[in-house]
Amino acid sequence: MSKKQKQTLYRILLSAALLIAAALLPLEGWPRLAVFLIPYALIGWDVLWRAVRNIAHGEIFDENFLMSLATVGALCVGEYPEAVFVMLFYQVGELFQSYAVDQSRKSIASLMDIRPDYANLEVDGRIQQTDPEDVAVGDIILVKPGERIPLDGDVVEGTSTLDTAALTGESLPRSVGPGESVVSGCVNLSGLLRVEVTKPFEESTVAKILDLVENASAKKAKAENFITKFARYYTPAVVLAAVVLAVLPPLALGWAWTDAILRALNFLVVSCPCALVISVPLSFFGGIGRASRQGILVKGGSYLEVLARTETVVFDKTGTLTKGVFQVTAVHPEQGTEAELLELAALAEAYSDHPISRSLKTAYGKPLEPERVSHVEELSGRGVRAVVDGKEVCAGNDKLMEEIGAAWKPCHQVGTVVHVAVDGVYGGHIMISDQVKEDAKEAIAALKGLGVKRTVMLTGDAAAVGEAVAQELGLDEVHTQLLPAGKVERVEALLTETSAKGALAFVGDGINDAPVLSRADIGIAMGGLGSDAAIEAADVVLMDDKPSKLAEAVDIARRTLGIVRQNIIFALGVKALVLILSAMGKATMWAAVFADVGVSVIAILNAMRALGFGRKGKV
């Protein structure tokens, strides 16, 4: 517990002891009131003060006002023990709430530990500690073993292993060396690294994640917004009803004033909406915290709500269901040799950073000569066109070959085919294969186990490649040879086929899928580690690049929504019953206390379960 929470606990224990002592003393009249006022003042002074302060600021109808009005009224009609106990039990509920919020906040706050305190900036051969925000792109920083990498950059010297657990939840360290990229927030475990900064701090991975986490609670779910509006109108209404209950029966029916006022006070205590106002946001907060511990960043409660309704899941292929690590597996020239064909393709792709381009350059294995390449043109969804040694070289798929009129030939192997044409004449093709991620099949099976009705894959690859992957993973549908605009059109068509209560989730790598991520009911980006576009465009980011985390995210969302519904039904049901009994004079102040604070405590404990489950574990 925090220091403040411990102080509240000591006040509760001392007030309880004083309440028992006061109840045992054989006193009557003013002396009896005086001894009960001591524990009442000790446990309730802050509630009374907040009520007065809020009234002064125009905020009248809140739980502090209701508790103050009910307990002061109880003191006025001689119900001294009940008045103290109501305030005492209310503070117990507040303590539970405070502790529960702290536990939820710690899950999210653990991510806040990734914020770097300083950067070791290298200036004229000397090292000086400086604020990461003051480091410019192109500067060289030193990251010592045990230090957190403060900014995104490329390793220029040194080898080491990095702990990425704070970002991805992945326990296995990642090895890095010269020429490889590193991202802020990771911990350098072993060697000394010299890193050239590639992004300013405000655009770094750690800054984007921190901003996402800090603003997650701002995007409220419909249930949260409903409870906020509900409390705004509900509280004044029940205060008015309590006034009518206290005044009308004595005037119209001849009831005793003391009896009518006591019923009205019971009515007020029961009516306090604490259970809903506290437990519903806490449930969403707990769900977001639980997800963050698993390396799943959810941008707000509203996205948990949509994720829970997921009926159709649409996947991009490359980098999502497959590793995106392509290897050249065959070279089939029509003109010249295999080495010449591979050289032309590598030079044409020299300025591209696409995974296929990287695989071609890796297979070529020689230093590229940029001066041999000019007039490079990226052709979206088709390939590249460039002038190499004065000749126009086109490297891409069959659509590009048809566009330039080259008589291309199909390949008997399954994989991604890169056709090459020189000055419009077909020169042959290169076969590139990708690997399916180890947990991709498990992810599809887990989603179907959760009741997801439809799993679909969209890809720009040839039909044979896409269908082979879809069959291996057990997907329901596959649509191949799609350009980026075609993916959007296909998602829009799938949206029309999704039921009114269901939702469509699109899962992509966040780099070239931003339009589709935005168009879906909920966009989920894979591998947020180092991907700016993922964090910007998606509603949910799976930081460790594992498709199986998607099923876990859906499960957390559904369990969180289940807890929210349980709390709403339980709180409203108990309160409605005791309100009716209070109005009829059948409920005592003790029943009213249970209907308010007791229900609040139970709802808060139920909400805390949102922190403690995952797909493989029960609450």
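Source: prediction; values computed, not measured. Residues: numbered from 1 along the sequence shown. Computation of the quantities below employed the complete heavy-atom set of this structure, encompassing side-chain atoms and omitting hydrogens, waters and symmetry-equivalent molecules.
- Annotation: side chain of V328 is in contact with side chain of L360 (closest heavy-atom distance under 4.5 Å).
- Minimum heavy-atom separation, C394 to L400: CB-CD2, 4.0 Å.
- Residues D539 and D521 share a closest heavy-atom pair of OD2-O, 4.1 Å.
- The two residues V176 and S181 come nearest to each other via the heavy atoms CG1-O, 4.5 Å.
- Remark: F315 CZ to T455 OG1 distance equals 7.0 Å, nearest 0.5 Å.
- Between A291 and V298, the closest heavy-atom pair is CB-CG2, 4.0 Å.
- Side-chain atoms of E340 come within 3.5 Å of backbone atoms of T337 as a donor-acceptor pair (strictly under, hydrogens ignored).
- Other residues, nucleotides and ligands contribute more than 12 heavy atoms inside 6.0 Å of the CD atom of E180.
- Side chains of E377 and H375: no donor on one and acceptor on the other come within 3.5 Å.
- Using modelled atom types and a 3.5 Å distance limit, the side chains of T198 and D152 yield no donor-acceptor pair.
- Between M457 and L475, the shortest heavy-atom contact is CB-CD1, 3.6 Å.
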Steps toward side-chain contact (heavy atoms from CB on, under 4.5 Å) verdict (F506, I524): CA-CA 6 Å; F506 179 83; I524 302 167; over 6 Å; no
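- Environment of CZ in R372: crowded, with over 12 heavy atoms of neighbouring residues, nucleotides or ligands closer than 6.0 Å.
- Residues V456 and V478 form no side-chain contact, since every pair of their non-hydrogen atoms from C-beta on lies 4.5 Å or further apart.
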I522/V540 under side-chain contact (heavy atoms from CB on, under 4.5 Å): CA gap, chis, key distance, verdict: CA-CA 8 Å; I522 186 161; V540 177; 3.8 Å; yes
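- Here the rule is side-chain contact (heavy atoms from CB on, under 4.5 Å) with L482, and of V488, L458, D316, T459 only L458 fits it.
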Verdict with supporting geometry, V436 and E472, side-chain contact (heavy atoms from CB on, under 4.5 Å): CA-CA 9 Å; V436 171; E472 180 181 349; 3.7 Å; yes
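- The backbone N or O of Q481 lies less than 3.5 Å from a partner atom in the side chain of K399, making a donor-acceptor pair.
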Residues H429, C411; criterion side-chain contact (heavy atoms from CB on, under 4.5 Å); working and verdict: CA-CA 8 Å; H429 58 261; C411 187; 3.5 Å; yes
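- Crowding of R358 atom CZ: a count of heavy atoms from other residues, nucleotides or ligands under 6.0 Å exceeding 12.
- S374 contributes atom OG, which lies 10.5 Å from atom CD of E392 (distance to the nearest 0.5 angstrom).
- Within 6.0 Å of the NZ atom in K441, the count of heavy atoms belonging to other residues, nucleotides or ligands does not exceed 12.
- Residues P370 and Y351 are in side-chain contact: their nearest non-hydrogen atoms beyond the backbone lie under 4.5 Å apart.
- Distance alone, capped at 3.5 Å, is enough to place a donor-acceptor pair between the R558 side chain and the L450 backbone.
- Side chains of L504 and V491 form a contact here, defined as non-hydrogen atoms less than 4.5 Å apart.
- A pairwise comparison of heavy atoms in G287 and T560 identifies CA-OG1, 3.5 Å as the closest pair.
- Side-chain atoms of R519 and L495, non-hydrogen and from C-beta on, do get closer than 4.5 Å to each other.
- Atom CG of residue D389 and atom CG of residue L347 lie 7.0 Å apart, to the nearest 0.5 angstrom.
- A heavy-atom distance below 4.5 Å is not found between the side chains of V387 and V393.
- The CG atom of L542 lies 6.0 Å from the CG atom of L550; values are rounded to the nearest 0.5 Å.
- Between the side chains of S499 and E311, at least one donor-acceptor pair of N or O atoms lies under 3.5 Å.
- Between the side chain of T310 and the main chain of L307, a donor-acceptor pair closer than 3.5 Å is present.
- A tilted orientation is assigned to the rings of H419 and Y426, their planes being inclined by 30° to 60°.
- Atom CD of residue E442 and atom CG of residue L473 lie 12.0 Å apart, to the nearest 0.5 angstrom.
- Between E438 and K546 there is no salt bridge, since no side-chain N of the basic residue sits under 4.0 Å from a carboxylate O of the acidic one.
- To the nearest 0.5 angstrom, L344 atom CG is 11.5 Å from Q335 atom CD.
- Among K448, R454, K453, the one residue that satisfies the salt bridge (Lys or Arg N to Asp or Glu O under 4.0 Å) test with D476 is K448.
- With contacts defined as side-chain heavy-atom distances shorter than 4.5 Å, the pair K317/V469 qualifies.
- Of the possible polar contacts, one joining the R309 side chain to the K501 backbone as a donor-acceptor pair under 3.5 Å is found.
- Side-chain contact between E202 and E133 is absent, with no heavy atoms from C-beta onward closer than 4.5 Å.
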Let me check something: any side-chain donor-acceptor pairs from residues 401-410 under 3.5 Å, sequence neighbours excluded? List them with distances.
unit_1	atom_1	unit_2	atom_2	d
E403	OE1	R382	NH1	2.5
E403	OE2	R382	NH1	3.1
K409	NZ	E334	OE1	3.1

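- A donor-acceptor pair under 3.5 Å is absent between the side-chain atoms of D163 and the main chain of V187, judged by distance alone.
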